[in-house]
Amino acid sequence: MSVKEIFDNKFLFFDGAMGTMLQKEGLQVGELPETLNITNPDIIKKIHQQYIEAGADVVTTNTFGANELKYSSSKYSVEEVITAGVKIAKEAAGDKFVALDLGPTGQVMEPTGTLSFEAAYELFKKQVIIGEKAGADLILIETMTDLYEAKAAILAAKENSSLPVFCTMTFQQNGRTLMGTDPKTMVFVLEGLGVDALGINCSLGPKELLPIVEEILKYASIPVMVQPNAGLPRYDGEKTVYDITKEDFSKFIKIMAEKGGTIFGGCCGTNPDFIREVKEVLADLTPLEIEAKKYAAVCSSTETVILGEKVNIIGERINPTGKPKYREELKENSVNYIKTQAVKQKEEGASIIDLNVGLPEINEEEMMIKAIKTVQKVVQLPIDIDSPNPEVLEAGARVYNGKPMINSVNGKEENMKKIFPIVKKYGGCVIALTIDEDGIPSTCEGRVKIAEKIIDTARKYGIDKKDIIIDCLALTVSAQQKEVLETVKAIKIIKEKLGVRTVLGVSNISFGMPQRGILNKTFLAMALQAGLDLPIMNPADEGMKEIIYAFEVLSNVDKDGKDYINKYGVKSSEKGEGKAEKNISKEDSTKKKDLKQIIIDGMEEEAIQATEELLKTTEPMEVVNSYVIPALDTVGDEYEAEEIFLPQLIQSAETVKKSFEVIKKSISSKGEKNIEKGRIVLATVKGDIHDIGKNIVKVLLENYGFDVIDLGKDVPIEKVVETVKENNIKLVGLSALMTTTVTNMKKTIEALRENNLDCKVFVGGAVLNESYAEMIGADFYARDARESVKIAEEIFTQI
Ligand code: THG
C-alpha cells in the first residue's frame with residue numbers, strides 16, 4: 001500500500017492515548033505495558049476497537065517500549081510482545097490501518113550518553129522486522145526527543161521494511177526537543193531521510209503546540225502530523241489529570257488543519273471521545289494542498305543554515321593540503337587538530353565546517369566517522385563532508401547527526417551513479433563540480449552545460465535542485481590565468497539561469513603566488529558580485545571577511561549595515577577588534593586557551609593538560625574556584641539562555657570531570673582533604689523504569705563535584721529510606737516519568753518524613769511541575785538537570 005493510497009487528499013485520523021486508557025482499566029504501575037498484549041489482550045483490543053468505533057483510520061500498536069533493552073529481563077520476548085500487539089490491532093482494525101509503534105529506546109545516545117548509533121539502529125531493526133512480518137501497515141516512530149535516535153529508527157525502518165514511515169518528535173515548552181533540536185531543523189533532517197509524514201506528538205496540549213506546528217508547516221513539504229496531549233498535565237493531589245475538554249482540543253486541531261496539518265490523533269490523556277470530536281469538527285474542512293517548499297538548507301542537530309539568504313563561510317582549515325601538523329595527526333589517528341580547528345573556525349565566523357581527512361596512507365572511512373563524531377561533540381555547526389571517495393561520503397553521511405553537505409559529485413556518469421543514491425538516502429545537500437569525462441571546460445558555457453546535466457540527472461534520483469550547490473571551480477591564476485573570469489561568469493549565468501546556490505574553493509586561486517591573501521580577497525569580491533553564496537575559505541582571514549561584510553552592506557543584504565557597524569564601528573575598533581588586521585596571525589592557532597575556555601568548549605584532552613599545567617603554579621582549590629566553577633557558571637548561564645543545549649552542557653560537564661580527576665590526584669598526593677562537595681542519593685521511584693532524566697542529573701551532579709549514590713530505577717521506598725539513614729544523607733533526588741508513579745514519589749517523600757530524616761528532597765520528571773512538587777511534599781522542583789545542580793549547591797553551601 002502506498003502512502004498516497006492512505007491519504008488521497010483526505011485528513012488521516014490516528015487514535016488517541018493508550019497508556020492513560022490502560023491506567024483507567026487498572027493497569028498496575030511497574031508492569032511493562034506491552035506485556036498486556038500477551039497477558040490481557042482483551043483490554044488492548046477493546047481500546048483499539050473503541051478508537052475504530054470513534055472513527056480512527058489508523059490504530060497504533062501497543063509496542064512503544066517493546067525493545068530488547070527494556071525486555072532483557074522480562075519473561076516475554078520482544079518478538080512475542082510485538083507479534084501479539086500487531087495481531088490484536090489487526091483484529092480490531094478490520095479494514096482500517098495498523099501502525100507499528102516505535103518509541104525511544106529509553107537510553108541516552110552517545111556522546112551525551114552511552115548508547116551508540118549502531119546499537120540503537122539494531123534495536124529498532126529488530127522491532128521493524130518483527131512488526132512488518134506480523135502485518136503492520138505502516139511504521140510510526142514517535143515521542144522522539146533525540147534527532148539522532150530518530151535517524152537511527154528511520155534508517156532501521158527504511159532499510160529493513162517496505163512500509164511507509166511516519167516520525168513525530170516531542171518538544172518542550174521552550175520550543176526545542178530535550179536534546180535541543182528546533183522544529184525547522186527537525187523538518188529538514190527528517191524530510192531528507194525520506195519519511196512519509198513528520199510532526200509532533202505528546203509534549204504539551206494543542207494550544208501550546210500551535211506555534212511549533214506553525215513553524216513545522218512553514219518548512220515542511222510533506223504531510224504534517226500532530227498528536228497533542230489533552231492539555232498540560234496537572235496533579236490533583238492524588239493523580240495526574242489532563243483537563244482540557246474534547247471541545248477545546250478539537251478547536252485547536254481545527255486551527256492546525258486550517259493552517260495545513262493533515263494527520264491528527266491524540267496522546268496522553270485523550271480518549272475515543274476526543275477522536276470522535278476531532279473528526280466531527282474537521283468534517284467540513286478539506287486539507288490544504290501541501291506545497292513543496294524551496295528552502296536549501298544544511299543542519300546540525302540544533303542549527304539550520306538556510307543557504308543563499310546571506311553569504312555563509314565554509315571553513316576550509318580541516319584539510320591536509322599544506323598542513324604537515326595535521327597530516328602527522330591523521331597518521332597517528334589523533335583528532336586533536338580537528339577539534340581545535342572546528343572550535344576556532346566557529347569563533348572566527350564559519351557557518352559550516354568542511355571536513356577533509358584524505359591521506360592515502362590512512363583508512364579515510366574510519367577517520368571520517370571519527371572526525372564527524374568529534375566535531376559534533378564540540379561545535380553545533382553543520383558539516384561539509386569533503387572527499388572524492390563515495391565510501392567515505394556514505395560512511396560520514398550515515399553517522400552524521402543532521403542534514404549534511406556532501407562534497408562532492410561531478411558530471412561524470414559513473415560518479416553521479418555512485419553519489420546521488422547517497423545524497424538521496426541520507427537527505428543531504430550536494431556540492432556539484434562542473435567537471436566531467438572531458439575534464440574542466442575552459443569556457444563558462446561548458447561549465448553551465450555540465451551544471452545543467454547534473455541537475456537533470458539528480459532529478460531522476462529524486463533529488464530536487466534546491467539540494468544541489470554548483471561549484472564552478474576556482475583554479476589557480478598562476479597556471480590558468482585565462483580561466484579565472486570564466487569561473488566568475490559561470491557563477492553569474494548558473495545563478496540566473498538555473499536558480500541554484502553556488503560554492504567555490506576561493507583560496508585555490510592563489511596557489512603558488514606570493515601574498516595569497518591579496519588575490520584571495522579580490523577574487524572573492526568578484527565571485528560575490530557574480531552571485532557566490534558559499535565561499536570555502538579560511539575564516540581567520542580578516543581581509544576576506546572585510547570583503548564579505550562590505551559586500552553585504554553594499555548589496556543591501558545587511559540591512560542598515562547593522563552587521564557591518566557592529567563589526568567595524570567605533571566601539572569595537574576601540575577594543576581593537578575591527579582594526580584592519582589583514583594578515584592571518586599564525587600565533588592565533590597556537591595561542592593557549594585558559595582552562596575556563598577549554599571547559600566551555602568541551603575539550604577533554606586539553607582540559608587535562610591545562611589542569612596539570614595550572615597545578616604547577618596554582619593551589620588545587622584555586623584552580624577549582626578561579627577556572628572550573630566560573631566555566632560551569634558560564635555554561636550554565638548559556639544553557640539557561642538557550643544558547644547551548646543539553647549535549648553541550650553535558651560535554652562541558654564531562655570535560656570538568658577530566659579536570660577534576662587531575663585535581664583530585666594532586667590533592668590526594670598532597671594528603672589534603674577531599675574536595676567532594678556533598679553526597680546525594682538519586683532514585684527513580686518504585687514502579688518507574690524510565691531513568692533517562694535521572695541519569696543525566698547524575699552525570700551533571702558528579703561533574704560538578706558531588707558524590708552521587710545512584711539507587712537506580714524502580715527503587716523500593718524502604719531502600720531510599722535506609723540509604724539515607726545509613727549514610728546520613730542531606731539531599732535526595734527523586735525522578736518519575738509516568739503520571740502513575742508520581743504517587744510513589746509522594747509515598748517515598750512521606751516515608752522519609754515519617755522517619756524524621758534530616759534531608760531535603762528535590763524531584764523532577766516530565767509530568768511534574770512546581771505546584772505538583774509542592775503538593776507531594778518535595779522541598780524543591782528541579783525543572784532540568786542544571787536546576788538540580790543549583791539546588792545541590794544551595795543545600796551544601798548552607799551545610
Ligand atoms: N571546491 C570544493 N571543495 C574543495 C575545494 C574546492 N575542498 C578543498 C579545497 N578546494 C578548499 N579548501 C582549501 C583548503 C586549504 C587551502 C585551499 C583550499 C590552502 N591551504 C594552504 C596551502 O595549501 O598552502 C595552507 C595554508 C594553511 O592553512 O596553513 O590554501 O575548490 N567543493
Side-chain angles (χ1 to χ4, degrees), residues 298 307 312-329 337-338 340-342 344-345 348 350 352-359 364 368 371 383-389 392-393 396 404-411 415 419 423 428-435 440 447 450-451 454 468-480 483-484 487-488 490-491 494 500-521 523-524 527 532-544 583-590:
V298 283
L307 310 178
N312 286 118
I313 296 174
I314 303 179
E316 73 178 16
R317 304 271 309 165
I318 306 178
N319 184 318
T321 315
K323 300 190 188 65
K325 182 169 159 250
Y326 177 36
R327 284 167 173 270
E328 274 318 298
E329 280 202 17
Y337 175 88
I338 294 177
T340 19
Q341 283 300 323
K344 186 165 174 283
Q345 292 184 97
E348 290 159 349
I352 297 167
I353 303 289
D354 183 275
L355 272 191
N356 187 316
V357 300
L359 267 197
E364 192 186 341
M368 183 57 87
I383 292 175
D384 173 26
I385 308 170
D386 188 354
S387 171
N389 181 344
V392 174
L393 295 177
M405 183 173 275
I406 293 173
N407 187 5
S408 56
V409 70
N410 61 49
N415 185 262
I419 304 294
V423 176
C429 272
V430 64
I431 292 181
L433 311 182
T434 49
I435 174 174
I440 304 175
R447 294 185 206 181
I450 296 178
I454 294 173
I468 297 181
I469 307 154
I470 300 290
D471 186 336
C472 297
L473 296 172
L475 306 169
T476 67
V477 66
S478 54
Q480 290 120 314
E483 292 177 22
V484 174
T487 303
V488 176
I491 294 176
I494 283 170
V500 291
R501 313 295 183 278
T502 59
V503 62
L504 212 53
V506 179
S507 14
N508 296 347
I509 206 76
S510 60
F511 277 120
M513 292 292 272
Q515 293 289 342
R516 290 181 61 183
I518 303 174
L519 291 167
N520 288 350
K521 69 177 176 182
F523 180 57
L524 175 64
L532 174 66
D533 299 295
L534 297 151
I536 307 179
M537 57 174 261
N538 181 354
D541 190 321
E542 288 298 331
M544 290 174 91
N583 297 329
I584 308 153
S585 65
K586 286 274 177 212
E587 311 80 70
D588 228 0
S589 55
T590 48

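Counting convention: from 1, in listed order, for ligands and their atoms alike.
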Handout entry: Asn415 side chain vs Asn410 backbone, donor-acceptor pair below 3.5 Å
Key = yes

Problem - Closest approach of Ile338 to Ala371 (non-hydrogen atoms, all atoms of both residues) - result: CD1-CB, 3.8 Å

Practice task
Work out whether the distance between some heavy atom of Arg516 and some atom of ligand 1 is less than 4.0 Å.
Solution key: yes

Problem - Contacting atoms of ligand 1, where contact means under 4.0 angstrom from a heavy atom of Gly322 - result: 23 (O)

Practice task
Considering only NZ, NE, NH1 and NH2 on the basic side and carboxylate oxygens on the acidic side, decide whether Glu542 and Lys521 come within less than 4.0 Å.
Solution key: no

Problem - Side chain, backbone, both or neither: the part of Thr321 lying under 4.0 Å from ligand 1 by heavy atom - result: both

Problem - Side chains of Asn520 and Ser510, donor plus acceptor under 3.5 Å - result: yes

Problem - Per-atom contacts, ligand 1 versus Ile431 - under 4.0 Å to a heavy atom - result: 32 (N)

Practice task
Would you mind telling me if ligand 1 is within reach of the side chain of Asn356, the backbone, both or neither, using heavy atoms under 4.0 Å?
Solution key: neither

Problem - Check: Arg327 side chain, Pro320 main-chain N or O, donor-acceptor pair, under 3.5 Å - result: yes

Completion exercise
At under 4.0 Å between heavy atoms, what of Leu433 touches ligand 1? The answer is side chain

Problem - Polar side-chain atom of Thr502 near backbone of Leu534 as donor-acceptor pair, under 3.5 Å - result: no

Exercise for the section: Examine the side chains of Asn389 and Ser387 and answer whether a donor and an acceptor come within less than 3.5 Å of each other. Expected result: no

Handout entry: Per atom 3 (N) of ligand 1, closest listed option by heavy atom (Ile469, Asn407, Leu473, Ile509)
Key = Asn407

Practice task
Check ligand 1 against Asn508 and write out every atom of the ligand that is under 4.0 Å from a heavy-atom position of the residue.
Solution key: 6 (C), 9 (C), 10 (N), 18 (C), 31 (O)

Exercise for the section: Decide whether an N or O pair under 3.5 Å exists between Asp386 and ligand 1. Expected result: yes

